[in-house]
Amino acid sequence: MKLNRKNKMLAIGFLVVLYICYSFAISNTLNYYNEYKNKQQEIAEDSDMPKLVAQLVQKEKQLDQVLSNYDVKISESFQNDLLKQLTTYSDTFHLKIVDFKEPHIISQKGFITTSYTFSLEGSFNGCLALLNKVENNPMLGNIKHLNFIKKRNYKTNTDQLFVEVIMQKNKGV
């Protein structure tokens with residue numbers, strides 16, 4: 001078999017296509033597969049979670065004893081504290097608390113997760129500033145969901161912005 005110019009170009013083109021396929025598809029697949037294996041290994045290593053939870057509960061009890069020596073008061077009603085903070089922030093940013101629903105409590109795997117749902121009305125920038133303040137305060141919990149709704153008020157012929165927020169607070173049993 002003779003290697004004429006067409007066959008040489010075909011062989012070179014085939015090698016170039018193989019290289020391109022490897023660089024764009026196969027190498028990425030191998031990288032994702034290695035990442036997947038690393039994540040699986042991390043999950044397998046996290047099987048010691050019950051021991052870790054027991055250690056954290058013990059540390060929490062020790063810290064509570066230390067705090068009781070210094071007369072640090074922990075509020076019994078987190079909901080009241082959250083509402084006070086929201087009220088002060090909403091006054092600062094000229095917002096109105098429209099709705100504050102009853103908390104939703106879920107208990108699973110030794111943790112109690114309490115979800116608080118509330119709605120605000122006001123300007124977009126004011127809502128974002130309030131949400132930033134709430135999110136940066138670790139004592140209040142984590143914001144899990146935001147839903148911005150723009151409604152038209154036909155009586156006053158204006159648009160109103162509402163934001164519904166779901167916050168979660170986790171507590172160990």
V98 side chain near L120 side chain, heavy-atom distance below 4.5 Å: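 When only atoms from C-beta onward are counted, L120 and V98 do not touch, as no gap falls below 4.5 Å.
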Residue pair S90 / L130, side-chain heavy-atom distance below 4.5 Å: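 Of all side-chain heavy-atom pairs linking L130 with S90, at least one is under 4.5 Å.
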Name all residues meeting the side chain to side chain donor-acceptor pair (under 3.5 Å) criterion together with [X]; count only those two or more places apart in sequence or in a different chain, and write none if there are none.
X    : result
Q62  : none
T113 : N170
Q85  : Y89

Test log, rule side chain to side chain contact (heavy atoms under 4.5 Å, CB included), inputs L56 and E60: CA-CA 6 Å; L56 289 175; E60 183 181 9; over 6 Å; no
Quick one: hydrophobic cluster around [X], which other residues, with the 4.5 Å side-chain cut-off, linked directly or via members?
X   : result
Y32 : none
I26 : Y22, L30
M9  : none

Would you say [Y] ends up clustered with [X] if hydrophobic residues are merged whenever their side chains have heavy atoms under 4.5 Å apart, either directly or through other cluster members?
X    : Y    : value
I166 : F162 : no
L82  : I106 : no
I149 : I97  : no
L86  : L128 : yes

What residues, two or more places apart in sequence or in another chain, satisfy salt bridge (charged side-chain N to carboxylate O under 4.0 Å, His left out) together with [X]?
X   : answer
K37 : none
K96 : E121
R5  : none

Check [X] against [Y] and note the closest heavy-atom contact, atom names and distance.
X    : Y    : value
T117 : E164 : CG2-OE2, 3.8 Å
A129 : F93  : CB-CE2, 3.5 Å
K150 : D159 : CE-OD2, 3.2 Å
C127 : V163 : SG-CG1, 3.8 Å
P103 : T114 : CB-CG2, 3.7 Å
I112 : S107 : CG1-OG, 4.3 Å

ring-ring contact (aromatic ring centres under 6.0 Å, His included) partners of residues 123-155, not counting sequence neighbours, each pair once: F124-F148
Residues that Y116 engages under ring pair (Phe, Tyr, Trp, His ring centres under 6.0 Å), provided they are two or more places apart: F78
Let me confirm one number: the [atom1]-[atom2] distance from [X] to [Y], rounded to the nearest 0.5 Å.
X   : Y    : atom1 : atom2 : value
Q58 : Q55  : CD    : CD    : 9.5 Å
L83 : F100 : CG    : CZ    : 5.0 Å
K59 : D64  : NZ    : CG    : 14.0 Å
E35 : N31  : CD    : CG    : 8.5 Å
L95 : S123 : CG    : OG    : 6.0 Å

More than 12 heavy atoms from other groups under 6.0 Å of CD on E102: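 Open.
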Sequence neighbours excluded, every pair satisfying side chain to side chain donor-acceptor pair (under 3.5 Å) that has a member inside residues 130-143: N132-N136
